[in-house]
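Contents: one structure, followed by commentary.
Note that the structure is a prediction, hence the values are computed from the model and not measured. Sequence positions, counted from 1, serve as the residue numbers for this chain.
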Amino acid sequence: RSSDLKGAANSLMGKLSGAVAEVNQKLTPKGLRKVLKDVPGFLSCWFLKATGPTTTHFRVVFNTEAELLSAKEMLDQFEADQGVRVSIKLSDNLASKFQKYLLEKASGGAPSDDVVAINTHNEDYE
């Protein structure tokens, strides 16, 4: 029974996808969770660098990589809440996958699970 639980946890953890989120105003993690609660696939967030009770930089986690990329696309275009802009900063690997995702979407193809990397660089990600 314990091994079944471990296996399920490892399977779930293997599918989770995270990134850095920058918000245009200082929030608590609870505040950002409230803002992102309706974004498909969003699971949770926490301070990236705690500099007090509020911050503008968070670590965000989504159910899957596909949901993270879809959320980035949506949040790049729209406010997450009235007056709240959330910008998701991707690692180089995920930035490449995001470019491929956008190209496939623009050409009418559905994003695939095995996305080929494209040479891009997201200077905001550290």
Side-chain angles (χ1 to χ4, degrees):
R1 186 146 164 86
S2 174
S3 63
D4 290 343
L5 194 55
K6 256 185 176 174
N10 287 339
S11 175
L12 178 62
M13 292 300 291
K15 295 180 182 186
L16 297 178
S17 192
V20 172
E22 186 176 351
V23 185
N24 68 337
Q25 55 187 268
K26 289 187 174 195
L27 293 172
T28 63
K30 184 177 180 179
L32 184 57
R33 284 184 206 111
K34 183 178 177 186
V35 167
L36 296 178
K37 72 179 175 12
D38 293 328
V39 174
F42 173 73
L43 290 178
S44 191
C45 68
W46 56 90
F47 288 129
L48 183 63
K49 297 176 188 173
T51 55
T54 61
T55 189
T56 58
H57 290 83
F58 295 87
R59 182 80 176 159
V60 291
V61 179
F62 287 81
N63 280 319
T64 64
E65 190 174 273
E67 288 174 317
L68 170 63
L69 298 179
S70 179
K72 175 171 174 44
E73 179 187 20
M74 181 183 69
L75 292 168
D76 282 352
Q77 297 176 43
F78 305 103
E79 290 182 343
D81 199 16
Q82 189 172 8
V84 180
R85 298 278 312 176
V86 178
S87 176
I88 295 180
K89 309 297 182 184
L90 301 172
S91 66
D92 289 344
N93 183 41
L94 283 174
S96 296
K97 290 179 179 184
F98 183 64
Q99 291 300 317
K100 173 84 172 166
Y101 166 84
L102 292 177
L103 289 171
E104 286 181 351
K105 192 167 182 183
S107 67
S112 65
D113 287 338
D114 52 348
V115 179
V116 178
I118 297 174
N119 185 16
T120 63
H121 184 68
N122 188 341
E123 295 175 11
D124 293 331
Y125 181 81
E126 294 184 31

Q. Residues two or more places apart in sequence or in another chain: which of them pass side-chain hydrogen bond (donor to acceptor under 3.5 Å, both in side chains) with Thr54?
A. none
Q. Got a sec, which residues hit side-chain hydrogen bond (donor to acceptor under 3.5 Å, both in side chains) with Thr64, two or more places apart in sequence or on another chain?
A. Glu67
Q. Among pairs that include at least one residue of residues 30-39, which meet side chain to side chain donor-acceptor pair (under 3.5 Å), considering only residues two or more places apart or in two chains?
A. Arg33-Ser44
Q.
Under the criterion side chain to side chain contact (heavy atoms under 4.5 Å, CB included), I'd like the reasoning laid out for Leu48 against Thr55: C-alpha separation, chi angles, the key distance, then a yes or no.
A. CA-CA 9 Å; Leu48 183 63; Thr55 189; over 6 Å; no
Q) Rounded to the nearest 0.5 Å, how far apart are NE2 of His57 and NZ of Lys26? A) 11.0 Å
Q) Out of Val35, Leu32, Leu36, Val86, which residue meets the side chain to side chain contact (heavy atoms under 4.5 Å, CB included) rule with Asp81? A) Val35
Q. Is Phe98 close to Leu94 at the side-chain level, that is, under 4.5 Å between some pair of heavy atoms?
A. no
Q) Of the non-hydrogen atoms in Ala80 and Leu75, which two are nearest, and what is the gap between them? A) CB-CD2, 3.7 Å
Q. Quick check: does any side chain N or O of Asn24 sit under 3.5 Å from a backbone N or O of Arg85, one acting as donor and the other as acceptor?
A. yes
Q | Closest approach of Pro29 to Cys45 (non-hydrogen atoms, all atoms of both residues) | A | O-SG, 3.5 Å
Q.
Could you check whether any side-chain N or O of Glu65 sits under 3.5 Å from a backbone N or O of Lys97, counting only pairs where one atom can act as donor and the other as acceptor?
A. no
(Q) Tell me every residue that passes salt bridge (charged side-chain N to carboxylate O under 4.0 Å, His left out) with Asp76, counting only those two or more places apart in sequence or in another chain. (A) Lys72
Q | Glu73: salt bridge (charged side-chain N to carboxylate O under 4.0 Å, His left out) partners, not counting sequence neighbours | A | Lys105
Q.
Students often mix this up, so state it plainly: with edges at 30° and 60°, are the rings of Phe62 and Phe42 parallel, tilted or perpendicular?
A. perpendicular
Q. Taking the side chain from Ser96 and the backbone from Asp92, do they hold a donor-acceptor pair closer than 3.5 Å?
A. yes
**Q.** Minimum heavy-atom distance Gly18-Leu68, with the two atoms named
**A.** O-CD2, 3.9 Å
Q.
Do Phe58 and Phe47 make a side-chain contact, defined as non-hydrogen atoms from C-beta onward lying under 4.5 Å apart?
A. yes
